[in-house]
Amino acid sequence: MKASAPGFIRYALCVRSQAQLRHGCAAVLLFCLPVFALSNDPAGVGSARLGSSIPPHQPVHASNTVTASLRQLAAPQGFFIGAAVEAQTLRDDAGYRTVLAREFNMLVAGNAMKFGPLCPQPDQYDFTNADTIVAFAATNGMQVRGHTLVWHQQLPLWLEHGTQTPAQVKAILRKHIQTLVGRYRGRVAMWDVVNEAFDDNGPALRDSFWLKKLGPEYLAWAFQWAHEADPAAQLVYNDFGIEGMNAKSDAALALVTRLKAAGVPIHAVGMQMHITPEMPARLAENIARFRTAGFAVQFTEVDVQLPMPVQPTALAQQADIYRALLETAMTSGINTFVMWGFTDRHSWVPHFFKGKGAALPFDEQLQPKPAYTALHAVLTQAPSRR
Ligand code: 9MR
């Protein structure tokens, strides 16, 4: 289902309880893979920050061949291939950790850096899960995307249902952004500063908690506060349904262009890319117009959901979409391709879309699917095309 299709709205209505998202403490089991640093600056945010690293020899079996992993193919091309992760899963699932460290050179916290899960009581932050993810990334030579500073979902209940005045809400948001970005300064390369500010189907701004309390100025303030807390971080506007040419992406382009022209530190646009096996309309053309306006473009939450039970023809169709997405990214100047998870063992899709699933390139047994083989082939062939 494309993000703009009516059914996608369901996901906004089905927020899991925040209790489900709070995870307990446990020791972090980490890998110690040898690494080397890249000398280029692929994401344009400073080589010290994004000097990527890969394990030198971690072969993977895909299609009965022994070959390099995705990150081993991506890193020399200055490319970041990433996945969203949950800290509890990192702690509990050794197979998950192994595949993650072997295949990816970028991580994003699926939930651990959201305001509600991080700050269940006023001024009481629990960084356990976020720290777990950032430490795993550092140990395994991976970059971290921060997700997300300002969103209408997963807010702390004390705030969402509180009686704070607009001035107090402004001070709370500023403190939150500066606490979080400040803590990970130098360790989180890029932040989704504002997430999903537009209505599900656009083009109007979402009548969110933030818009109601603060008015549209909250958008510029959030970027400014994040920039103050870490001037080297790449700051991103992230949304769904802005992948193709449509009224919502028109509105997003107009917004980020207006902010940039006003001197707001906004550097990139994240296209989430939660889709069905159908390409967004005129994707390359849409990416090009954001880049022409001066923004880096990233694919930030890629998954391609299928009807369940999954059929071989659907897996082949899904592989074609993953192939086309990565090819489009690599031929459009994009260097960040992050999936919303990597294994069907842990994915939001079956929980939010009845009868849908199998959206990621590894199956529930952590075995590579045709989609993995497709990604691998694109990365293998890419140097000759770039
Ligand atoms: O994957 C996240 C899931 O575990 C949460 O329950 C959900 C809450 O709405 O958020 C999911 O992540 C979302 C992301 O933060 C923003 N874009 C859409 C993602 C999938 O819903």
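Just follow the structure's listing: the first ligand is 1, and inside any ligand the first atom is 1.
- When the heavy-atom distances from atom 19 (C) of ligand 1 to His351, Glu301, His346 are ranked, the shortest goes to Glu301.
- For a threshold of 3.5 Å applied to N or O pairs, the pair formed by His147 and ligand 1 contains at least one separation below that value.
- In Asn195, the part holding a heavy atom less than 4.0 Å from any atom of ligand 1 is the side chain.
- Judged by distance alone, the side chains of Ser249 and Asn246 do bring a donor and an acceptor atom under 3.5 Å apart.
- Using cut-offs of 30° and 60° for the angle between ring planes, the Tyr322 and Phe337 rings count as tilted.
- Partner of Leu149 under the side chain to side chain contact (heavy atoms under 4.5 Å, CB included) criterion, chosen from Leu235, Val236, Leu173, Val181: Val181.
- Checking Met113, Lys114, Glu86 against atom 10 (O) of ligand 1, the nearest heavy atom belongs to Lys114.
- For an aromatic pair to be called close, the ring centres must be under 6.0 Å apart, and His227 with Trp191 fails this.
- Members clustered with Met308: Leu306, Val310, Leu315, by chain and number, using a 4.5 Å side-chain heavy-atom cutoff among hydrophobic residues.
- Atoms of ligand 1 found under 4.0 Å from any heavy atom of Gln154 (numbered from 1 in listed order, with element): 7 (C), 8 (C), 10 (O).
- Near Gln153, meaning under 4.0 Å from one of its heavy atoms, ligand 1 places the atoms 8 (C), 9 (O).
- Near Trp348, meaning under 4.0 Å from any of its heavy atoms, are these atoms of ligand 1: 1 (O), 20 (C), 21 (O).
- Tested against Val269 for a side chain to side chain contact (heavy atoms under 4.5 Å, CB included), the candidates Ile287, Ile242, Leu253, Leu255 yield a single pass: Ile242.
- Judged by a 6.0 Å distance limit and a 45° cone about the ring axis, Lys260 is not positioned over the six-membered ring of Phe223.
- Not a single heavy atom of Phe240 sits less than 4.0 Å from an atom of ligand 1.
- For a threshold of 3.5 Å applied to N or O pairs, the pair formed by Asn111 and ligand 1 contains at least one separation below that value.
- For ligand 1, the polar-atom distance check against Gln272 finds a nitrogen or oxygen pair separated by under 3.5 Å.
- Near Glu196, with a cut-off below 4.0 Å to any heavy atom, the atoms of ligand 1 are 16 (C), 17 (N), 18 (C).
- At least one heavy atom of His274 sits closer than 4.0 Å to an atom of ligand 1.
- When heavy-atom distances to ligand 1 are checked against a 4.0 Å cut-off, Asn238 has no atom that comes that close, whether in backbone or side chain.
- Interatomic distance, Asn195 CG to Gln154 CD, rounded to the nearest 0.5 Å: 10.0 Å.
- Residues in residues 162-172 take part in no salt bridge (charged side-chain N to carboxylate O under 4.0 Å, His left out) pair, two or more places apart or across chains.
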